[in-house]
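Atoms considered below: every heavy atom in the structure, side chains included; atoms not considered: hydrogens, waters and symmetry mates.
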Amino acid sequence: MRGTTKALVGAVALVMIAAACSSNSTSGGGATSASAGTQGGTYSFANCEPTSLIPQNDYESCGSQVFEGIFTRLMTYDFNTGAPIPAQAESVTPSSDGLVYTIKIKSGWTFHNGEPVTAQSYVDAWNFAADCTNAYILNTFFQRIEGYDALNPSDCKNVTAKEMSGLAVTDETTFTVTLMAPFSQFPTTLGFDAYNPLPKVFYDDPDAYNEQPIGDGPYMMDGKWKHDDTINLQRYPDYAGTPGSADKIELPAYPVGGDAYWADFQAGNIDITAFGSAHLAEAQTSYADSIQRSSSSSFFFLGFPLYDSKFQSKELRQALSMSVDRQAVMTAILINESPADDLISPSILGYRQGACTYCTLDVAGAQQKLADAGGWSGTLELNIYADDPVLEQAAEAITNQWKTNLGIDAKINAIPYNTWYGDTIGKKFTGPWFLDGWVMDYPSMEDYLSPLYAANGAYANTGYSNPQFEDLMKQGDEALSIDASLPFYQQADDIVLEDMPVIPWGYGNFNTVNLPTVTNVVKDGPLDLLALELVQVASPS
């Protein structure tokens with residue numbers, strides 16, 4: 001996810017791969033069950049460099065694509081509805097009050113070192129990730145479980161607890177999860193990598209594990225992680241689910257924002273690549289036989305540093321949004337997006353067309369909003385990540401419209417991508433940043449709101465806080481069903497759209513092209529991952 005991405009995305013450049021999960025199969029994830037077609041061979045897919053290969057400590061798309069191969073998650077998702085479906089889980093059963101979930105996993109599954117996957121494998125992994133002293137980035141995904149607070153005192157000092165009281169192993173394949181309050185989305189969350197199991201060897205040396213992780217999926221690591229080079233996978237021979245099609249998979253790491261991946265694809269050096277705006281026209285012409293385009297869960301936005309006093313006025317933020325013609329920018333630059341009109345992706349239950357009042361061009365209205373804000377003096381700095389010509393063109397178009405429609409002088413500040421994430425999450429920007437993005441962790445409206453706008457959200461990088469938003473999210477969380485939660489989430493959505501800590505920009509697509517060397521190249525269900533286990537090598541040797 002990862003989003004992201006989270007910074008989750010190489011938004012208009014390399015790959016829009018979700019920091020998330022899968023859809024309809026118990027193998028890895030898989031958009032459909034692996035067919036009985038061609039087996040064997042090796043193929044390559046252009047990926048990017050993960051921040052970590054420990055699933056509880058990675059919150060971006062590059063790592064998620066690797067996890068797609070080496071882990072099988074508790075839940076997967078129906079392609080059309082996003083409804084959770086058991087994968088490595090056999091069943092997830094709530095109590096009548098929604099506070100206790102009994103999770104039964106399938107027996108006979110093993111990690112890649114032969115160790116059985118048990119209920120304890122999950123409980124230990126969750127406790128480790130929830131312990132603040134380990135400083136794992138997905139720590140907050142466990143905050144709803146009873147006993148989380150004991151592992152996360154305010155200053156993370158004097159932590160005496162060793163585990164969350166809300167986790168209990170019943171038997172070899174069963175454990176219970178007691179929540180502090182009902183959470184209508186809990187079964188849906190279990191398809192996210194934060195909830196993956198870990199083998200016992202992990203705890204001996206987490207750093208060593210990170211270099212050659214051991215999962216429970218259809219593929220295992222083929223050697224150690226070659227940083228900034230390649231991650232190689234091979235089929236796990238004792239996988240308890242449907243085996244993957246290819247014998248081996250190569251995942252070369254290309255810089256996000258660069259163009260080397262496309263040159264390598266054209267030269268025949270990689271078999272499959274995802275791509276963005278820069279190569280859309282060429283792909284449609286030169287690779288018409290293999291191009292695949294589908295809507296994604298991606299939501300792109302321009303973020304504001306509300307921690308900077310210059311951006312405290314919501315009227316200023318509204319004015320900057322209303323003064324830009326999104327569709328004109330996207331049409332002129334051939335951006336692989338459609339204009340956003342909500343904070344929620346159209347693929348998510350609860351999305352409302354036109355929910356954003358300030359997302360359409362209204363020059364007169366924008367000028368009035370700017371006047372209400374007290375105007376703007378000086379130069380406005382728009383931060384982008386470097387080495388992406390399409391992104392730079394889009395940023396120039398935006399700043400030109402700010403100049404023309406509002407009289408605001410703006411300059412573009414290009415930041416190397418390898419420092420972008422740290423600057424974003426570390427709240428180091430002195431101006432807005434473009435483009436940031438979100439790809440769902442799991443298919444829920446809640447996942448587009450809590451992580452980005454809750455005060456303790458995992459990707460709450462703007463400094464936004466609103467108690468009314470928090471209260472509505474709590475009511476949605478504690479509703480008795482997903483349908484009952486939607487009105488509360490939609491009201492919370494409206495509050496953020498009014499306050500505008502981010503400018504909704506666009507919704508992306510998931511695009512791939514491939515060489516004739518491979519077939520069955522498919523997107524992994526409602527989430528934005530390539531279904532690695534389904535790809536077939538056309539003529540395996």
Side-chain angles (χ1 to χ4, degrees), residues 6 94-101 130 138-150 152-154 164 166 177-189 192 299 301 303-307 311-315 317-318 321 341-345 348-352 354-359 427 438 440-504:
K6 302 189 180 125
S95 60
S96 59
D97 60 4
L99 286 174
V100 181
Y101 284 81
L138 299 185
N139 168 287
T140 57
F141 276 81
F142 303 93
Q143 63 187 342
R144 301 178 188 278
I145 299 175
E146 190 178 86
Y148 171 86
D149 291 345
N152 293 270
S154 58
M164 290 181 283
V177 184
T178 302
L179 305 179
M180 289 186 278
F183 182 39
S184 54
Q185 317 299 305
F186 182 70
T188 304
T189 69
F192 185 50
F299 163 67
F301 59 89
F304 286 108
L306 272 62
Y307 45 85
F311 297 95
Q312 286 294 306
S313 170
K314 72 176 183 180
E315 287 80 13
R317 303 190 296 268
Q318 293 164 355
S321 179
D341 55 0
D342 196 355
L343 299 170
I344 314 301
S345 166
I348 299 298
L349 188 66
Y351 159 81
R352 294 162 298 155
C356 180
T357 303
Y358 308 114
C359 287
K427 298 181 172 61
W438 187 254
M440 64 184 177
D441 304 311
Y442 44 87
S444 166
M445 193 176 180
E446 178 270 339
D447 188 51
Y448 282 82
L449 296 172
S450 290
L452 280 76
Y453 313 112
N456 63 347
Y459 199 61
N461 301 328
T462 64
Y464 177 70
S465 178
N466 186 315
Q468 189 179 3
F469 168 83
E470 304 280 351
D471 181 64
L472 285 164
M473 291 301 298
K474 183 175 185 293
Q475 293 181 68
D477 291 347
E478 296 183 5
L480 296 179
S481 68
I482 291 176
D483 287 344
S485 72
L486 294 181
F488 298 108
Y489 291 149
Q490 288 171 338
Q491 291 177 69
D493 182 26
D494 287 337
I495 287 173
V496 180
L497 287 169
E498 174 64 26
D499 291 344
M500 199 151 274
V502 305
I503 292 178

Is any side-chain heavy atom of L497 closer than 4.5 Å to one of Y358? no
D441 and T189: side-chain contact (heavy atoms from CB on, under 4.5 Å), yes or no, with the steps? CA-CA 8 Å; D441 304 311; T189 69; over 6 Å; no
Hits for side chain to side chain contact (heavy atoms under 4.5 Å, CB included) against A484, two or more places apart or cross-chain, chain-then-number order -> A479, S481
Does any non-hydrogen side-chain atom of Q143 lie less than 4.5 Å from one of N152? no
Residues which pass salt bridge (Lys or Arg N to Asp or Glu O under 4.0 Å) with D342, listed by chain and number, not counting sequence neighbours: none
Under the side-chain hydrogen bond (donor to acceptor under 3.5 Å, both in side chains) test, which residues partner Q475, sequence neighbours left out? D471
Excluding sequence neighbours, so at least two apart, what forms side-chain hydrogen bond (donor to acceptor under 3.5 Å, both in side chains) with T178? none
Under the ring pair (Phe, Tyr, Trp, His ring centres under 6.0 Å) rule, collect the residues that match up with F301, sequence neighbours excluded. F299
How close do A492 and M473 get, counting heavy atoms only, and between which atoms? CB-SD, 3.6 Å
To the nearest 0.5 Å, what is the distance between CZ (F311) and CZ (R317)? 10.0 Å
Residues in side chain to side chain contact (heavy atoms under 4.5 Å, CB included) with A460, at least two apart? none
Would you call P443 and T188 a side-chain contact if the rule is heavy atoms closer than 4.5 Å? yes
Please round to the nearest 0.5 Å and tell me the distance separating atom CD1 of I348 and atom CE of M440. 4.5 Å
Which residues share a salt bridge (Lys or Arg N to Asp or Glu O under 4.0 Å) with E498, sequence neighbours left out: K314
Shortest non-hydrogen contact from M500 toward S321: SD-CB, 3.5 Å
For residues 478-487, pull every pair meeting salt bridge (Lys or Arg N to Asp or Glu O under 4.0 Å), keeping only residues two or more places apart or in separate chains. K474-E478
Straight-line distance of S313 OG to F304 CZ, nearest 0.5 Å: 10.0 Å
Checking side-chain contact (heavy atoms from CB on, under 4.5 Å) against Y489, which of I482, L449, I344 comes through? L449
d(D447 CG, S345 OG) to nearest 0.5 Å is 11.0 Å
One should read off an interatomic distance between Y307 OH and K427 NZ, to the nearest 0.5 angstrom, of 7.5 Å
By salt bridge (Lys or Arg N to Asp or Glu O under 4.0 Å) - contacts of D477 (at least two apart): R144
From CA spacing to verdict: salt bridge (charged side-chain N to carboxylate O under 4.0 Å, His left out), D341, R352: CA-CA 8 Å; D341 55 0; R352 294 162 298 155; over 6 Å; no
Please identify each residue that fulfils side chain to side chain contact (heavy atoms under 4.5 Å, CB included) with P487, with sequence neighbours left out. none
side-chain contact (heavy atoms from CB on, under 4.5 Å) for Q318 and T357? Distances and angles first, verdict last. CA-CA 9 Å; Q318 293 164 355; T357 303; over 6 Å; no
Quick one, S485 and Q185 - any side-chain contact, counting heavy atoms below 4.5 Å? yes
What pairs with Y101 under side-chain hydrogen bond (donor to acceptor under 3.5 Å, both in side chains), at least two apart in sequence or on another chain? none
Side chains of L452 and V502: closer than 4.5 Å at any heavy-atom pair? no
Is it true that a side-chain atom of Q490 and a backbone atom of G350 form a donor plus acceptor pair closer than 3.5 Å? yes
Report the distance from atom CG of L343 to atom CG of D493, rounding to the nearest 0.5 Å. 4.5 Å
Could you tell me if the side chain of L179 sits less than 4.5 Å from the side chain of I145, heavy atoms only? yes
Mind checking what makes side chain to side chain contact (heavy atoms under 4.5 Å, CB included) contact with P501, not counting sequence neighbours? L306, Y453, T462, Y464, V496, D499
